[in-house]
Amino acid sequence: MFGVVSLLRCRDIDVPFKHRDDKCKENFYNFYIESKRICPVILSSTKSTEDKADELKYYGLFALPHILNDENINSGFSNNMDLYKNRLLEAFGKTIGLHLSTEEFMKIVSEDISRDEPYLKIVNHPKAEDFDYKVWYEENEEDLNNLFKFLDAYCAEYEAEQSK
């Protein structure tokens, strides 16, 4: 589960200390479903781009499909939707550390420091200056699409197991 957190760049999933498979499945399912409910609420708010990126970082890559969906973005920005989405995606990508390798990201977030301090280090990392989310997304789009197809199937399977 800790590996999942690092790959998804999410702030954390409540991982039980005993790491029981059934509890990990439940936590992962609940976290994914919560992201589907909360991310659109964050995006439709009138908060600043930076505040939205900061709130969305908790959900890591789970927030990405919601950011890419124009329907989730506050209508007040519709006159410059592309510009707004570009700013939001750039801020979000830097906030969750997409400019860093998984190893670099984990080294920073696993330091014994306050909960928010690692994210300041991530955003201010020298690699953030040249980060281009468009290039990153283009390189990862197919994998991301497969990830979200898998997650939807995984959650449907989990729901079916629970309804037995």
Side-chain angles (χ1 to χ4, degrees), residues 1-15 24 27-74 77 80-152 154-155:
M1 188 61 90
F2 290 113
V4 169
V5 170
S6 65
L7 291 172
L8 291 176
R9 305 297 167 95
C10 53
R11 188 149 172 184
D12 64 86
I13 298 175
D14 182 22
V15 181
C24 286
N27 289 345
F28 189 78
Y29 169 83
N30 288 335
F31 189 74
Y32 184 58
I33 297 304
E34 178 184 333
S35 74
K36 287 182 155 196
R37 184 175 53 81
I38 299 295
C39 291
V41 172
I42 294 168
L43 287 163
S44 66
S45 76
T46 56
K47 294 178 181 172
S48 72
T49 303
E50 292 72 22
D51 286 346
K52 287 181 184 183
D54 191 55
E55 286 185 37
L56 291 167
K57 78 180 173 199
Y58 179 81
Y59 299 98
L61 288 178
F62 285 174
L64 193 56
H66 305 286
I67 297 171
L68 294 170
N69 183 347
D70 290 348
E71 293 174 16
N72 290 326
I73 297 180
N74 182 296
F77 296 102
N80 285 315
M81 183 66 80
D82 289 338
L83 175 64
Y84 176 73
K85 275 179 66 171
N86 287 339
R87 284 183 48 223
L88 180 58
L89 285 163
E90 184 175 345
F92 175 73
K94 288 179 181 179
T95 299
I96 66 168
L98 294 180
H99 52 285
L100 302 172
S101 69
T102 303
E103 183 180 350
E104 292 167 322
F105 174 80
M106 287 308 297
K107 185 175 181 181
I108 292 171
V109 297
S110 64
E111 293 175 3
D112 190 18
I113 50 182
S114 76
R115 195 167 171 100
D116 290 322
E117 193 174 339
Y119 290 94
L120 293 173
K121 288 183 176 185
I122 288 168
V123 170
N124 294 314
H125 192 281
K127 286 186 175 181
E129 288 181 31
D130 298 328
F131 174 69
D132 185 342
Y133 80 87
K134 290 177 187 174
V135 171
W136 180 89
Y137 184 70
E138 187 176 293
E139 291 171 353
N140 293 282
E141 184 176 16
E142 184 178 349
D143 290 336
L144 290 166
N145 288 335
N146 289 334
L147 169 67
F148 291 107
K149 285 178 191 174
F150 168 79
L151 289 170
D152 288 334
Y154 178 88
C155 288

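Please read these numbers as outputs of a predicted model, since none were measured by experiment.
Here the straight-line distance linking atom CG of N146 with atom CG of N140 works out to 11.5 Å at 0.5 Å rounding. Taking CG from L98 and OH from Y137, the interatomic distance works out to 12.0 Å, rounded to the nearest 0.5 Å. With rounding to the nearest 0.5 angstrom, the CD1 atom of I108 is 11.0 Å from the CD atom of E103. The CG atom of L61 sits 9.0 Å away from the CG atom of L7 when rounded to the nearest 0.5 Å. A distance of 10.0 Å separates CG in L43 from NZ in K85, rounded to the nearest 0.5 Å. Atom SG of C39 and atom CG of L64 lie 10.0 Å apart (nearest 0.5 Å).
Centroid-to-centroid, the aromatic rings of F31 and Y58 come within less than 6.0 Å.
Within the 4.5 Å cutoff, the side chain of L68 has heavy atoms near those of the L89 side chain. Side-chain contact between T95 and L56 is absent, with no heavy atoms from C-beta onward closer than 4.5 Å.
Between P40 and S35, the shortest heavy-atom contact is CD-O, 3.9 Å.
With N69 contributing its side chain and P65 its backbone, the two residues share no donor-acceptor pair below 3.5 Å. Between the side chain of K94 and the main chain of I122, no donor-acceptor pair closer than 3.5 Å is present. Between the side chain of K47 and the backbone N or O of K52, no donor-acceptor pair lies under 3.5 Å.
Residues forming a ring pair (Phe, Tyr, Trp, His ring centres under 6.0 Å) with Y29 (at least two apart in sequence, or on another chain): Y158. Residues meeting the ring pair (Phe, Tyr, Trp, His ring centres under 6.0 Å) test with F131, sequence neighbours left out: H99. K36 meets the side-chain hydrogen bond (donor to acceptor under 3.5 Å, both in side chains) test with D152; sequence neighbours excluded. With sequence neighbours left out, the side-chain hydrogen bond (donor to acceptor under 3.5 Å, both in side chains) criterion links D51 to S48. Every ring pair (Phe, Tyr, Trp, His ring centres under 6.0 Å) that Y32 has, sequence neighbours left out, goes to F62. Not a single ring pair (Phe, Tyr, Trp, His ring centres under 6.0 Å) links F92 to another residue, sequence neighbours left out. Partners of E104 according to the salt bridge (Lys or Arg N to Asp or Glu O under 4.0 Å) rule, which considers only residues two or more places apart in sequence or in another chain, are K127.
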Item to check | Residues F28, L151; criterion side-chain contact (heavy atoms from CB on, under 4.5 Å); working and verdict | outcome: CA-CA 10 Å; F28 189 78; L151 289 170; 3.3 Å; yes
Next on the checklist: Between V109 and K121, is the side-chain contact (heavy atoms from CB on, under 4.5 Å) condition met? List the steps.
Outcome noted: CA-CA 9 Å; V109 297; K121 288 183 176 185; over 6 Å; no
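Sequence neighbours left out, not one pair with a member in residues 133-146 passes salt bridge (Lys or Arg N to Asp or Glu O under 4.0 Å).
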